[in-house]
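Source: prediction; values computed, not measured.
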Amino acid sequence: VSLVISILAHRQRNQAERSSERAYRTEVLRETSSLLQNAEDTAGIFRITARQLQRVCACPVVFYDAKNFVPQVFPAPGSTEPLEVYTAEAERALAGWVLKNNKHAGATTDTLPGARCLYLAVRSHGKVMAVAGVAAQAQPLLPLEYNVLVSILDSAGLALEKEKQRAKRRKVEAAAYQEQMRANLLRAISHDLRTPLTTIAGSAELLRGSGAGISESQRKALAGDIAEDAHWLINLVENLLSATRIENGTM
């Protein structure tokens, strides 16, 4: 009877531990997903993900964006260790290997276990969106911690993919808006140019065709109208060129 009771109690403790682990994992992932939905850009996604990872392992985290591969280091709360050790040439090279091969490497693995960080690929639909480095050398991750960490990075990968799609949409919308503005500008310019050009052409024809039949005062008035409209056109062209340079970022 004592043996049976001991076995049942052990099973109950195991079930309680597994239930607690599942509840913890679910809570962390729910919070991570909620926070990532409100991230404004890639930097925000990295910042939120690093904070959630540090809830699990309480250690420095470094991210490499697959696009520009510039490291972003997030120190652990209260850490005084110099951040340069996480972006040394050897660490960057190992992160690049993870990006290229889509595999985990570094601390606690069989691939260069002496590295400062455990490097994991942040994936979305099998494509590496970024590389995350977790400074887990001093304190190897427990199985629960590792599983939660990987799940957080999976959520981050989906968020990065969505941000990439949003960036593409914004680029397409910006291009469409600029094209629409250009078309509107051309219509406005064609309308604004037509009137002064018509005036200039009419005054020039009068000066050329009337000859001696036009008085000196009338001649001066027509010449003044031509000069005034010409200067207006010059100012219009200069303003358009200035606006174009500002739009293209050349000023």
Side-chain angles (χ1 to χ4, degrees), residues 21 24-124 127-164:
E21 291 175 356
Y24 172 73
R25 182 174 181 270
T26 301
E27 175 61 22
V28 172
L29 295 181
R30 183 196 63 78
E31 181 182 353
T32 301
S33 178
S34 176
L35 291 172
L36 288 175
Q37 288 180 358
N38 297 321
E40 297 180 354
D41 51 19
T42 300
I45 293 174
F46 287 157
R47 183 171 57 255
I48 292 170
T49 306
R51 187 166 63 245
Q52 294 301 102
L53 293 176
Q54 288 171 346
R55 285 188 56 188
V56 178
C57 59
C59 56
V61 176
V62 57
F63 274 102
Y64 291 85
D65 189 357
K67 185 177 181 180
N68 53 35
F69 212 69
V70 176
Q72 299 184 44
V73 184
F74 300 88
S79 175
T80 58
E81 190 175 19
L83 302 181
E84 291 77 10
V85 299
Y86 301 108
T87 58
E89 184 177 354
E91 299 292 321
R92 293 170 64 94
L94 184 54
W97 184 90
V98 172
L99 175 65
K100 181 179 179 181
N101 294 277
N102 194 3
K103 295 181 179 179
H104 301 344
T108 73
T109 70
D110 296 331
T111 305
L112 296 176
R116 301 283 303 189
C117 296
L118 165 63
Y119 291 96
L120 304 102
V122 183
R123 307 184 183 98
S124 177
K127 183 180 179 181
V128 181
M129 308 297 297
V131 175
V134 179
Q137 187 182 45
Q139 297 178 344
L141 298 173
L142 298 174
L144 171 63
E145 293 175 334
Y146 180 81
N147 292 333
V148 174
L149 184 147
V150 171
S151 298
I152 291 174
L153 292 180
D154 288 341
S155 299
L158 294 175
L160 289 172
E161 177 66 24
K162 291 180 180 178
E163 172 58 27
K164 182 179 179 181

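- Under a 3.5 Å cut-off, the side chain of Q54 and the backbone N or O of P75 do form a donor-acceptor pair.
- The heavy-atom pair separating T109 from G106 by the smallest distance is OG1-O, 2.6 Å.
- Closest non-hydrogen pair, A115 versus L94, comes out as CB-CD2, 3.5 Å.
- Going from atom OG1 of T87 over to atom CZ of R116 covers 11.0 Å, rounded to the nearest 0.5 Å.
- The existence of a salt bridge linking E27 and R30 is confirmed by a sub-4.0 Å separation between a basic side-chain nitrogen and an acidic carboxylate oxygen.
- Closest of all the heavy-atom pairs between C57 and L141 is CB-CD2, 3.7 Å.
- For the pair K67/K164, no side-chain contact is recorded, criterion being any heavy-atom separation below 4.5 Å from C-beta on.
- Between the side chain of N68 and the main chain of V70, a donor-acceptor pair closer than 3.5 Å is present.
- By the 4.5 Å heavy-atom criterion applied to side chains, P71 and Y86 are not counted as neighbours.
- Contact check for R47 versus F74: side-chain heavy atoms found under the 4.5 Å cut-off.
- Within the 3.5 Å criterion, the main-chain N or O of I152 finds no donor-acceptor partner in the side chain of Q52.
- Taking CZ from F69 and CG from L99, the interatomic distance works out to 5.5 Å, rounded to the nearest 0.5 Å.
- Without hydrogens or angle criteria, R123 side chain to N102 main chain gives a donor-acceptor distance under 3.5 Å.
- For the atom pair S155 OG and L35 CG, the distance stands at 11.0 Å (nearest 0.5 Å).
- Using a 4.5 Å cut-off on side-chain heavy atoms (C-beta onward), Y146 and T108 make no contact.
- The aromatic rings of F63 and F46 lie parallel to each other, with less than 30° between the two planes, well short of the 60° mark.
- L160 contributes atom CG, which lies 6.0 Å from atom OG1 of T42 (distance to the nearest 0.5 angstrom).
- Closest of all the heavy-atom pairs between A76 and A58 is CB-O, 3.9 Å.
- Judged by distance alone, the side chain of S33 and the main-chain N or O of L29 form no donor-acceptor pair under 3.5 Å.
- The CD1 atom of I45 lies 10.0 Å from the NZ atom of K162; values are rounded to the nearest 0.5 Å.
- In this structure, the side chains of R55 and V28 come closer than 4.5 Å at one or more pairs of heavy atoms.
- The shortest non-hydrogen separation linking Y119 to G133 is CD2-CA, 3.6 Å.
- The line from CG of L153 to CG of L149 is 5.0 Å long, rounded to the nearest 0.5 Å.
- A pairwise comparison of heavy atoms in A156 and T49 identifies CB-OG1, 3.4 Å as the closest pair.
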